[in-house]
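One structure below.
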Amino acid sequence: MAMTMPTAPDPIDHGTPAAPAARQLLIDLAVMIVIGLVLALIGPFGTFAAPFAVRLVYWLGLSLGGYLCYRPIAGFVARLGPRLDLPDPPLWIAGCLIGTVPMTAIVWIVSQYPGPWRAPTLNGALVTYGSVLVIGAAVMALFYFINRGRMERATQGAGAPIAPADAPEMTVPEAAPARPRFLDRLPPRLGADLVALEMEDHYVRAHTRMGSDLILMRMRDAVAELDGVAGAQVHRSWWVARDAIERVTREGRAVRLHLAGGIEAPVSRAQAPVLEAAGWW
């Protein structure tokens, strides 16, 4: 269905939240240092026989090495799931299995120091992989719950302000229609003319006709705060305002919505017939 093209909006600003990202990195590194310290204290996998100073250097080094192996894969998995409309658990398990491969190589190299250097046997490599996988899975699970808790706190932290106890009693006129709560989360520079919401890792990127910004919350919580705004969640990682659609394209069974500002949103196969029946195209 052809649609009328509106006046071209201003370019979208795709800025990133530098301060939250830096804070998350510091928290992640602090957690890995604590994990390394705990492992140095308990000395698992036969390392307790070594002096504590040696264990400390060994486990701190492996903890930071593990962060370099697992964290990029975890971020990739968190973005891949919503974009492909896939469930999280299998992707996280696959990511952990993949990240354990380079981590196993690091452990083997460190364990060979200072030599002599010997190639590992298949049985030895599998045993080392299994040992690394146990710790790697625990670390990835820990980060998953840390990130999940941070999202829930961010979602719950924007409650209505509490009036001062000594505020005088006032007669309140009949209330106007409630403004969708999500719009109050947007920075003033973006206005309130919402185009779409896009899931990015643990954030939701809010696109308006004046720009975009990232907000730390889950997509389902953001959609729940959009009562009164004409739109729909067209994909696991996309919500679209209906009046922002400029045209619709199809490539086989794939449907894409072209929105104001040059944004393109995919439509999931489950949602496509529902939206078509509702007259979206």
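Side chains are part of it too, since the values below use all heavy atoms of this structure and drop only hydrogens, waters and symmetry mates.
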Using residues 29-41 as the side-chain source, report each donor-acceptor pair under 3.5 Å to any protein atom, sequence neighbours left out, with the distance given to one decimal.
none

### Query
Does Arg181 pair with Asp184 as a salt bridge, N-O distance under 4.0 Å?
no
### Message
Looking at Arg179 and Glu225, is there a salt bridge between them, counting it only when a charged N and a carboxylate O are closer than 4.0 Å?
### Response
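No.
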### Message
Exactly one of Arg205, Arg189, His207 should register a side chain to side chain donor-acceptor pair (under 3.5 Å) with Asp213. Which one does?
### Response
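Among Arg205, Arg189, His207, the one that satisfies the side chain to side chain donor-acceptor pair (under 3.5 Å) with Asp213 is Arg189.
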### Query
Does one side chain, of His235 or Gln271, offer a donor that lies under 3.5 Å from an acceptor on the other?
no
pair [X]-[Y]: side-chain heavy atoms closer than 4.5 Å:
| X | Y | value |
| --- | --- | --- |
| Pro51 | Val54 | yes |
| Glu198 | Met219 | no |
| Val255 | Thr249 | no |
| Met199 | Arg218 | no |
| Val107 | Leu62 | yes |
| Leu216 | His202 | yes |

#### Entry: side-chain contact (heavy atoms from CB on, under 4.5 Å) evaluation trace for Trp239 with Leu194
CA-CA 10 Å; Trp239 177 95; Leu194 198 60; 3.7 Å; yes
Do [X] and [Y] share a hydrophobic cluster, counting only Ile, Leu, Val, Met, Phe, Trp and Tyr and linking them when any side-chain heavy atoms are less than 4.5 Å apart?
| X | Y | answer |
| --- | --- | --- |
| Val110 | Val57 | no |
| Val267 | Ile263 | yes |
| Leu64 | Phe45 | yes |

For a quick test of reading the model, state the closest non-hydrogen atom pair linking [X] to [Y] and the distance between them.
| X | Y | value |
| --- | --- | --- |
| Ala260 | Arg209 | CB-NH1, 3.3 Å |
| Val240 | Ile245 | CG1-CG1, 4.0 Å |
| Ala192 | Leu183 | O-CD2, 3.9 Å |
| Gln233 | Trp238 | CG-O, 3.3 Å |
| Pro180 | Val229 | CG-CG2, 3.5 Å |
| Gly99 | Cys69 | O-CB, 3.9 Å |

### Message
Quick check on Phe48: does its CZ atom have over 12 non-hydrogen neighbours (other residues, nucleotides or ligands) under 6.0 Å away?
### Response
no
### Task
Go through Val234 and Ser268 one step at a time and tell me if the side-chain contact (heavy atoms from CB on, under 4.5 Å) criterion holds.
CA-CA 6 Å; Val234 301; Ser268 69; over 6 Å; no
### Task
Just jot down the side-chain contact (heavy atoms from CB on, under 4.5 Å) partners of Thr47, sequence neighbours excluded, or say none.
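Expected list: Pro44, Arg55, Tyr58, Trp59.
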### Distance (rounded to the nearest 0.5 Å) between Phe182 CZ and Met217 CE
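Going from CZ on Phe182 over to CE on Met217, the span is 6.0 Å.
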### Message
Would Leu257 and Glu264 count as a side-chain contact (heavy atoms from CB on, under 4.5 Å) here? Give the steps.
### Response
CA-CA 6 Å; Leu257 304 178; Glu264 294 186 16; over 6 Å; no
Which donor-acceptor pairs under 3.5 Å do side chains of residues 121-137 form with protein atoms, sequence neighbours excluded?
| unit_1 | atom_1 | unit_2 | atom_2 | d |
| --- | --- | --- | --- | --- |
| Thr121 | OG1 | Gly124 | N | 3.0 |
| Thr128 | OG1 | Gly124 | O | 2.9 |
| Tyr129 | OH | Leu97 | O | 2.8 |
| Ser131 | OG | Val127 | O | 3.1 |

### Task
Carefully, step by step, assess Leu186 and Ile215 under the rule side-chain contact (heavy atoms from CB on, under 4.5 Å).
CA-CA 8 Å; Leu186 300 177; Ile215 298 172; 3.9 Å; yes
